[in-house]
Amino acid sequence: MSQDLAINGGPKTISKTFNWPIYDEQEVNAVAAIVQSGKWGNPDCGDEVEKFEKEFAAYCGSKYAITCVNGSVSLRLALIACGVKPGDEVIVPPYTFITTASSVIECNCVPVFVDIDPDTYNISPAAIEAAITDRTKVIIPVHFGGLSCDMDAIMEIANRHGLKVIEDAAHGHGAEYKGKKLGSIGHVGSFSFQSSKNLTSGEGGIVITDDDELYAMMHSLRNVGRIEGGQWYDHYNPGCNYRITQMQAVLLSAQLKRLEEQTKKRNENGLYLNELLTNVKGITPLSRSEYITLHCYHIYIFKYDAEHFGGLPKNEFAEMLAAEGVPSFRGYPHPLYKQPLFQNKNWMCYAIPETADYSQTFCPVAEQACATDAVWILQHAMLGEKEDMEGFVRAILKIQEAVS
Ligand SMILES: *Cc1c(COP(=O)(O)O)cnc(C)c1O
């Protein structure tokens with residue numbers, strides 16, 4: 001194989017490093033000021049957390065926002081507030097991060113995996129409809145990579161069946177569907193601020209909603225079951241301490257100021273990369289409908305066809321691409337239902353019904369995405385310049401030439 005490939009010691013196509021997170025003295029000064037104030041958290045916490053929650057809710061066009069420790073607990077808060085009971089079913093996609101489904105287990109409920117659409121890698125509305133039973137209570141669509149799900153179709157199905165929709169928007173900060181911010185369309189929107197995400201404070205999460213009752217319950221569950229206006233040592237609901245610190249809140253407020261511009265930049269780069277890749281055989285970007293008014297490209301995903309790369313397996317291609325200096329990755333190795341958690345049924349203290357059995361679960365599109373098709377370019381690379389997008393394509397063509 002070609003000595004010219006970076007993986008074999010040849011020169012890298014891209015020598016630049018793509019930094020993340022992006023910050024300057026605004027973040028440093030904001031955190032330093034909190035440290036020096038001595039007001040780091042609850043009680044006596046000052047009001048930076050509430051201030052950020054108001055900013056984020058306003059940014060998303062939602063009435064309320066409630067921060068919490070991460071984007072997994074945020075899903076749990078949303079599920080409990082939606083009123084799930086032990087044994088209820090929650091419809092989730094299999095092509096997502098584990099906690100989209102494990103948060104369901106933590107509520108003693110049954111994740112029901114339905115397949116994704118081959119053109120978008122988002123949960124298929126037709127497959128949702130087919131999976132609904134009289135135990136179904138909630139649908140969790142994941143806006144995978146920051147590409148919006150078909151929310152009109154999903155909300156129509158949910159409303160017709162009386163189901164709640166929790167948008168897992170952990171990849172979707174700032175992205176839009178028909179001009180609406182992701183997370184603001186379903187009953188609850190859930191976000192992560194973990195360090196890889198498009199808005200980050202290292203760790204953290206948030207839920208947004210327009211619903212007064214869901215707000216009050218999620219706020220209580222986040223704060224050890226306390227209620228607004230209640231006494232400090234009076235606890236009404238089975239929550240926990242999921243609060244964030246003031247340092248995280250000021251970091252998030254500073255990062256939020258950068259989000260819209262960063263999102264637009266990724267969106268433009270994504271559109272440009274789509275255009276450049278139309279001429280590359282064996283590489284097909286996921287499709288975006290005209291309803292995607294803003295895509296935040298937490299992950300830029302394309303489908304790889306080994307036939308046009310001399311039969312080179314996807315995982316080897318992805319390693320070569322990363323070696324060429326493109327921040328990229330093969331993505332999930334398996335659909336979620338293949339995880340030992342689901343195959344071995346190690347439910348521990350959780351009361352999951354015997355009927356929950358994943359040994360026969362098979363979602364062909366998700367299987368193919370994991371095994372042979374999906375390649376991810378990561379969000380910080382999508383903050384590069386136009387010439388970087390051209391470099392990504394040069395790297396792909398270099399590999400193609402070397403292996404064909
Ligand atoms: C990151 C992520 C989460 C979990 O967020 P954490 O803050 O890491 O707990 C949930 N869902 C999806 C789709 C994610 O990518």
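Note that ligands are numbered from 1 as they come in the structure, with each ligand's atoms numbered from 1 the same way.
Using a cutoff of 4.0 Å between basic side-chain nitrogens and carboxylate oxygens, Glu55 and Lys51 are scored as salt-bridged. Using a cut-off of 4.0 Å between Lys/Arg side-chain N and Asp/Glu carboxylate O, Lys265 and Glu385 are scored as salt-bridged.
At a 4.0 Å heavy-atom cut-off, the residues surrounding ligand 1 are Asn70, Gly71, Ser72, Thr96, Phe97, Thr99, Thr100, Val142, Asp168, Ala170, His171, Ser192, Gln194, Lys197, Gly204, listed by chain and number.
Applying the side chain to side chain donor-acceptor pair (under 3.5 Å) rule to pairs touching residues 107-123 yields nothing, sequence neighbours excluded.
By the ring pair (Phe, Tyr, Trp, His ring centres under 6.0 Å) test, Trp20 is found to be paired with no residue, residues two or more places apart in sequence or in another chain being considered. With sequence neighbours left out, Pro353 forms a side-chain contact (heavy atoms from CB on, under 4.5 Å) with Val110, Thr355.
Taken from CG in Leu397 to NZ in Lys281, the straight-line distance is 11.0 Å, to the nearest 0.5 Å.
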